[in-house]
Every structure is written in structure tokens, then in C-alpha cells.
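Working notes, beginning with the structure itself.
Residue numbering restarts at 1 for every chain, and letters A, B, ... go by the order of the sequence lines.
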Amino acid sequence: MPAELDKRFDPKPVETRLYRAWMERGLFRAPAGDTRPRFSMVIPPPNVTGALHLGHALNNTLQDVLARHKRLLGFDVLWMPGTDHAGISTQVVVEKDLAKRGLTRHDLGREQFVDQVWEWKAKYGARIVEQLQALGVSCDWERERFTMDPGLSRAVREVFVRLHREGLIYRSEYLVSWCPRCTTVLSDLESPYKPVNGKLYKIKYALVDGSGAIEVETTRPETLLGDTAVAVHPDDERWNALIGKSLRLPLLGREIPIVADTFVDRDFGTGAVKVTPAHDPHDFECGRRLGLAMINILHPDGRLNDAAGPYANLDVAEARKKVVADLDAQGLLTGVTEHAHEVPHCDRCDTLVQPLLSEQWFMRMAPLAAPALAAVREGHVRLHPKSWENTYYHWMENIRDWAISRQLWWGHRIPAWKCAACDEWTVAIEDPTQCTHCGSTEITQESDVLDTWFSSALWPFSTMGWPDDTETLRAYYPTNVLSTAADIIFFWVARMIMMGVHFTGSLPFRDVYLHPLIRDEQGRKFSKSKGIGIDPLDVMGIYGTDAMRFTLTSLAVQGRDIRFGMQVMEGGRAFVTKLWNAARFALMNLADYDANASVGERGLYDRWILHRMDVAIADAHVALDEFRFNDAAQTLYHFVWGELCDWYIELAKIALQSSDEAQRRAAQATLVTVLRGALTALHPIMPFVTDEIAASLPDADGRFLMERSYPERGAGLDAESARDLDALVEVVTRIRQVRGELDLPQSTLVGVAFPIAATAFVQRHSAAIRALARTAPPTCSDEPPSPTASVVLVQGWSLRVELDDPRFVADEVRRLEKELLRVDKDLAITAKKLDNPSFVERAKPEVVQAEREKLSQLQAERGSVHERLEKLRRAAGGET
RNA sequence: GGGCGCGUAGCUCAGCUGGUAGAGCACCUGGUUUACACCCAGGGGGUCGGCGGUUCGAUCCCGUCCGCGCCUACCA
């Protein structure tokens, strides 16, 4: 005796109950020891900074779809969960939190501050996990990892030490992007360009010998304090006579040379460039090439230092103002123009980035990039959509060394110790007690930590126990799929590939799925700082988790962003409700159903829906294999709504009320089979509602859907039966069209007459036609239609719909006229094609043949419509 | 400045290898039929951004222009 379902589905209590039950049953656990084929993924570890956003919801829904799908296919699945310490981001939020209490991290000191961050991590890391679980994700939570876990920290040290030993990690003075607010170096990736409306200042530099002056232009006039040359293009006839002469640096009076360098663009400004090697990336390169002095004019906090002479201790903005004023006063400022350009800002705190000279740890990338590039080129790693591969190639081919040190407190502290005696570095996995170079015990550890992405790059194997040769690693590494956002291809994906190849000898994953970016209704990128965004927890609260998951899945198209407004959720919710109600209908009709009794011969309609289900599930699986999540969702949606509910359930009602016990039982059994099949197929997308319904089906056995598998393929339908069903659908639809166009109410049953040739068809489907098209019992005769009949041509039969009311004649005339217009239009197009000799000659024969058939069909249709119309007009004319 | 992508019904978007355009929502009409008004049945609505080209035939291929977006870049 099946359970009853409530009139309405109430998601929340079901979600919490089921998730707990799944966990208790250990359904997400990856055993590592068994013999089934394996499928593994690592979660892109969310930052412990804050809360889950809609992008996470999308990405993790899609991963969960894959994980559950593979389980239903019989795979041993590991989906490895965890979180990321997110160096700068987390440090910044904790500092902001401290600032509310009027404290800075320096008030606490390093150790205490780091303790504070761990507290933050404990709190928000747990919250993130809760939110992921609310989404229903089936990660193996017993294996949850954090990038600063002891094991992962050991992996980080191991990698650092090995790379250092291989000469791939080195220290160097370099012009880095510096955030004066965070007082740390930023990678290129962490300092995005933003448009700024600046000014272009034209400044006059006088020649020392008094023979004239050169004008240069700059957007950052304060940097002239650090100028050590002015450069011109060697082939520039305006200036090359002056090369080698000296200029008097304005304000400070220093003598600087005029140098030649081809990096100068002769067409920009005056063709002469001031060179500030310590504060501009291009000038730095130029300075290196020419051996120019490098004068650093900045303190790490962004104020000017003593090298700036009278401008010392001003911050950059103040110094600029004063420099400009002083230049102007001395008549050296010869022009100011508006100048819009793009300037790097700190990705985390939006502060203007300053290029600054400093000693940093670097990682040599070119040797690592080569195999990673080849892996994608040769198709061993595939990006989906493929279009991202070009972006990947471009970046990898032009890869630069990676500045890996960060002047932060939160993160993996660099395992390098500096000797006070010999000034050498000792790099070691275990904390050393003395210098390996001179044996001195006067060593102190580097205070810098590693860029967050350093540990993220190891994630696929560090989470599985590397560098130990663990069972987990052997079983689940390399992983199969990585699903992530496209904007971190370089930050993360490329680096995982490089590190994976280098340290494990294997590519860390085969397929990389880049999910679409979610934007708001106006197409803006979601952003916490601008307050643009939708909280997935709100969405789940209002519409239910299944509805959100279904909606997100059906929006996940390859290569296109998603515009998300709350309104699109309605469709998902409606679908959940539809499924629920279909199940309610089934259960109402299964009260006396015995799951163990044998099922006799299934009816035509039963076999049809089983066949349709087979096709739908197969299509959905192909779509999933190709990461076409939207297609998978849509295929199943259409099957459930457009075929199961719209047609099969309506057809089944006939059998269910039938006095033929065998027919009734077959329909009951089919209903159970199809419903369970549909629920299973939808389970990866909508895990909660499907499991909830499945538990009340009469064949429930206490197992969850995930403990079962997809329905077996096979309940085939022969081609002839399929055509028979197509004909039925068309007949019913055509009758409904006539009814609809004449606005007949449901209560009006119309008479329908088929030609004698259709007798067998009518006998087979009489009950269905009556019920679905709301007709009187259909008859078969070849008599001409009565004056008040509407005639439609379907399946080659002239079908008469008796209207029994002269009032409808006018409507019918209008309907036929419209019909005639349509047929004539189609006829014209088809005829034109066939009249074209080159079409008949050159088009594929089967296409020509199809056109010919279409032509004759249309001609017959036209004849019938026309004849009918004439008759009606005559009849109408005769009456009035 | 380069590279990539997008522009299809009022809205949000599907349309794999070229053969007379689809869905959901919205809109209009009619509906309490053994689940579902978050529903059922029917309907209207598109020169597939513009212009050229290839082809018997182009939303789909090529060129170009217009309008968006993303990535990337050393014009100070």
C-alpha cells in the first residue's frame, strides 16, 4: 500500500531530513577499495572569507549532477570537498573586523593575529560547509580538507623545497606591483586594470649646458623625483643629436643623462620619455638594459621616502599636488591635458597599486609551462567549451615568472631561513637549527608567506595525501573532471596542470568544464562590494533547493553568461510541482496495486511511454557526457511534462478506469516504472523531491535512489507502433485545434467521422480520441461531410468534425480561409523550388524527393480545403 | 592595439555537421475532464543586427559594417 503525498510539496523539512539520512547512510562516502570503475573530482575550494554566492551554487550544483549521475551509472565516486585559506582576502576581512574595534594587526602581533584568523576560519569555514550542504551536494565530507591542514602544509613545503633544489625557485630584485594598503606584493592577476580619468602633464627638463630643453609627458609627475634618465628613440631625428648630453632634473636639480632606447614610441607626445626605473615596469626594463641607477622614492606604506628630498613623508597624491604646483611656479609645467587610461588597482582593497622595487621569491615558469601546454594541445586535457583553449595557449606561451612571496601573516610561511652570519638562505622541509652553508645557528625564518594559489595549485593531489603514496591517491588520482569558473584558468587551472605534471607525473584531470558566469538582470557582474548579488540561500528558501538546482542546470549553456533574475525561478518551481502532482495522481490510482504480482501484456500506450523514457534518458546522458547541462535538463523536462503528463497520464486514465483488469494492472505497473525511471533520471538535478516521491512508490524498498541505478535500457517500441502513436497525437491535436479555434467549451462533445480506410485506427484508439479530443464516439464512413462539418486532412484521411450547429459555419469559413492561405504559401515555396532546374539537378536526391512528396501532399490538402470552402460558402449563401 | 564571444518572438534564451525557425515566461481566447490554476486546450507574434559573397538553397559558411560583452596588451 503506497504512502500518500501531501497536497503540496514543502521543500524545507524534506531537504534537511533527507540530507541527514543520506549522510547517515554514508552515500557520499568514497570507499577507495572497491572494484567498480572510478570517477573523481575535487571541489574548487571556496574561500573561508564569507558566504556562498550564486556562482558557487551553480558550480556545485553542476558538479553534484555529475557526481550523482556517475553513481547511478555504477561508478565508485569521490568528490573531494574542502576550503581555501585565501591569503590576502581573509587577512583583509579579519583586519577590517579588527578595525571595528579600533585595532590593527600590529597591535596583536603576528602570532595572536594568526590565531584570530584561525578563529575566523573555524566560524566561516563551517558556515560555507553548511551552505554547501543545504545545496544538497554529495561530497565525501569525511575527507574534507583545508589548504592549511597539516597534510597540505607538508605538501606545500615539499614542493617548495624540491622546486628550490631544482633551481626553479629563486630570489630576485624586481619591480613588483605593490599595494600600499595591504603592504604586500600583488601578482599581475591580483592587480586588475581599472579606468581612471587622469591628466597628462607636460614638463620641461633643461639641458645642463644651457643649450635648450626637452619636454616629456607623464601621468605621474611625482615619479620624476626618482628619474634617472630621459629616453628618446635612437632614430628620432628631433632628438638623437642630444643623446649623451645631460639634463637638469627639475625640483631636485640632479643631473640625468639623455639615453637612447627603442622602447620609446616616437609618435607619442614629444617622443621623449622620463625614465623612473624603480617605479615603472617599462622604465625598469629600460634601466636594466642600460644600467641606469634605480632610485626608490617610496616607503612600503605609500609615503615618499628621503630620496624625495623636500617631498618626503607625503603620500603619493599629496606629493603629486605639490610637485605640480612647484613645477608650475618655476615655469616648468608647460601643459596639462585630460587623459583617460587604465591603472592597476588592488584586487582585494581597490587601492591604487604602486610599482615598487623589492626582493621577492620567484618561480621560474617556462620549464613547467611546456608540458602543460602540450597536454592541452594534444588533447590530454580538454577544456569545455573549447574556445577557452586559445586563451590558455596565449597565456602559457607568454608566461612570466611567478612572484610567489606575499608580505602577509596569514598563509603558508615560506620554509627558508636566512643566516645572520653568512647571509645565505637555508631551505628545508623540517625547521632547521643551523645554516647549511656555514653552520651558524643565527638563522631566522623568512617572514613572508606564499601566494594562496601556490597551495591551490597542489589541491588535486595534496588533498589525497601526497607526497605519501596513499591508497586514495592510487584509487582516485588523477581526477576526471574539474568544474570551475573561467576567470581562474590562469590563477588555478593552468597552475594545477603544471604542478600536477611536475610532481605526480600525471595530469590532474582530463576534462575541465568552465561554467558560465552569472550576472544580474541588467547583465552586471555580481559583486559583494557593490551590493549586487542574489543570495542562493534566499532563493532556496523561497523556491526550494530542487527548483533552484533545476533552474540553474537548465540555464547552464556553454559559452554564454547567465542573466539571472528571481523570475526565472518560477519555471523550476512549477516543474517540481508538476512532478509532485504527477506522482500524486499515480499514487491515487495505485491503492490496490501489488508490486509483486506479475504484469501481463503491456498496452500500446504503456510500451510507447517506456520507449519515450528510454530515448529521453539516453539523450540526457549524452548531453551530460558533453557537459551540455541545459540540454540534459530540458530533455528530461520535456519528457516528464510534454510526454508523460500531457499524453501518457491522460491515456492511462482510460486503462485505469477500465473494467479490463489486465489492462488496468499493466497501466498501474507502467505508471510505477515510468515514474521511478523519471525520478531516477532527474535525481542528479533534483535530489530531494525525487527521493521523497520515490520513497512512497509501491516498489519502494527502503533504499534511496542513489543506491539504485538508472532504469535498464530496452523496453522497445517498434517503428510501426511509433507511427501509430504519432498519428493519434496528430488526430487529437487537429481536432483540438478545430475546437480551440471555435472556442468550444470542454463540455461540448463533437462528433467525428473518419473515412472507412481509418477503421482499424479508430477501433484501436476510439477511447483515446473520445477522452483526449472531447468527442462523441467516432464513426467511420465515406459519406460526404454534412454542411456543418469542419474538415481537416490528417494522415491522408479526410476527417470530419461535426459541429451540429449552423452558427459555426461562419467560423469554419474563416478557419478554412486561413488554412487555405497557409497551404498556398507553403505550396508556392515548394513549387518554386521544384521549378528551379538547378535545384532538381544539384540538390541531394532525397531532398528533391521529399520536396516532391510534400508538393503532392500540399496539392491534395489544397484541393480538399478549397472544395470544402466552396461548399460552405454556397451553403451559407443559400441560407442568407 | 590585439584575441575571443554575443546580437534569433515583447522578455530570457535553445537551435549538433546549411534544406521553408523552437522553448519557457508574457499576451489573447476558451476551460473545475479521476494529479496539477505553479493547471489544461487553442491562438497571435520573428526581413534569425545591416550590407555583400559562396551555394540550387544560409539563422547556420566567408567578408565587411554597426551595437554590446569578456580576456589580453609597455603608448609614458
Side-chain angles (χ1 to χ4, degrees), chain A residues 5 7-9 193 200 216-220 223 231 263-265 267-270 272-276 280-283 285-286 339 341-342 385 387-388 390-391 394-395 398 486-487 489-490 517 519 521 523 525 543 547 554-555 557 559-565 567-568 570-589 626 628 630-631 634 637-638 642 645-646 649-650 653 656-657 732-733 736-747 771-774 825-826 828-830 832-833 836-844 846-848 850-851 854:
Chain A
L5 294 177
K7 179 115 171 119
R8 271 167 195 266
F9 173 59
Y193 282 77
L200 196 56
V216 300
E217 286 187 292
T218 180
T219 52
R220 295 185 298 155
T223 61
F263 92 100
V264 178
D265 179 353
D267 299 327
F268 187 86
T270 60
V273 188
K274 60 191 275 309
V275 182
T276 322
D280 182 280
H282 331 120
D283 296 2
E285 296 295 338
C286 174
H339 184 73
H341 58 151
E342 305 234 317
S387 51
W388 286 107
N390 280 332
T391 315
H394 185 261
W395 192 73
N398 299 290
D487 58 352
I489 289 179
F490 309 135
L517 192 70
R519 299 169 175 281
E521 280 167 296
K525 221 167 160 173
Y543 295 97
S554 60
L555 291 173
V557 180
R560 189 167 178 151
D561 295 347
I562 297 174
R563 282 189 191 221
F564 188 92
Q567 219 228 331
V568 302
E570 301 286 352
R573 175 163 64 182
F575 185 48
V576 170
T577 307
K578 188 73 179 177
L579 195 61
W580 184 258
N581 282 314
R584 285 184 58 230
F585 169 81
L587 292 175
M588 284 173 170
N589 284 281
E626 295 169 3
R628 294 180 353 251
N630 61 319
D631 285 339
Q634 239 227 305
Y637 177 95
H638 180 257
C645 292
D646 287 350
I649 286 187
E650 295 307 319
K653 283 176 183 173
L656 290 168
Q657 324 167 53
V732 168
T733 303
R736 281 172 172 176
Q737 275 169 1
V738 172
R739 298 181 55 103
E741 278 167 30
L742 302 179
D743 283 342
L744 298 183
Q746 292 289 333
S747 51
L772 301 201
R774 308 290 300 159
K825 204 179 118 201
D826 286 358
I829 293 168
T830 311
K832 193 181 155 197
K833 264 193 188 177
N836 181 350
S838 39
F839 171 75
V840 181
E841 203 174 301
R842 305 196 193 187
K844 277 175 278 181
E846 63 265 32
V847 173
V848 178
E851 288 299 319
K854 192 188 287 173

Examine [N]: is either OP1 or OP2 under 4.0 Å from a nitrogen or oxygen in the side chain of [X]? Give yes or no.
| X | N | value |
| --- | --- | --- |
| A/Arg774 | B/G31 | no |
| A/Arg736 | B/G30 | no |
| A/Lys653 | B/U33 | no |

Using a 4.0 Å heavy-atom cut-off across all strands, classify [X] as base, sugar-phosphate, or nothing.
| X | result |
| --- | --- |
| A/Val557 | sugar-phosphate |
| A/Asp487 | nothing |
| A/Lys844 | base |
| A/Leu744 | sugar-phosphate |
| A/Val568 | nothing |
| A/Arg573 | base |
| A/Lys854 | base |
| A/Thr830 | base |

Given the P atoms of B/U59 and B/G44, what is the spacing between them in whole Å?
22 Å

P spacing across the pair B/U64 / B/C25, given as an integer number of angstrom
41 Å

Can a cation-pi geometry be assigned to A/Lys653 and A/Phe585, taking NZ or CZ under 6.0 Å from the six-membered ring centre and within 45° of the ring axis?
yes

Could you tell me the separation between the CD atom of A/Glu650 and the P atom of B/C40, rounded to a whole number of Å?
9 Å

Calculate the interatomic distance between A/Asn630 atom CG and B/G22 atom C1'; express it in whole Å.
14 Å

Given that A/Gln737 and A/Arg8 both sit by RNA chain B, which one's nearest nucleotide is further toward the 5' end?
A/Arg8

Please figure out whether A/Phe575 or A/Asp631 has its closest RNA chain B nucleotide nearer the 5' end.
A/Asp631

For the side chain of [X], counting heavy atoms from C-beta on, which of [options] is nearest?
| X | options | result |
| --- | --- | --- |
| A/His282 | B/C74, B/U20, B/A35 | B/C74 |
| A/Asp280 | B/C39, B/A76, B/A14 | B/A76 |
| A/Arg563 | B/U12, B/A35, B/G7 | B/U12 |
| A/Val273 | B/A76, B/G42, B/C39 | B/A76 |
| A/Asp646 | B/C40, B/G19, B/A35 | B/C40 |

Which pairs, protein N/O on one side and nucleotides 23-27 of chain B N/O on the other, fall under 3.5 Å?
residue : atom : partner  : partner atom : Å
B/C25   : O2'  : A/Gln567 : NE2          : 3.1

Between which residue ranges does RNA chain B form stems of three or more consecutive Watson-Crick or G-U wobble pairs, both distances under 3.5 Å?
B:1-7 with B:66-72, B:10-13 with B:22-25, B:27-31 with B:39-43, B:49-53 with B:61-65

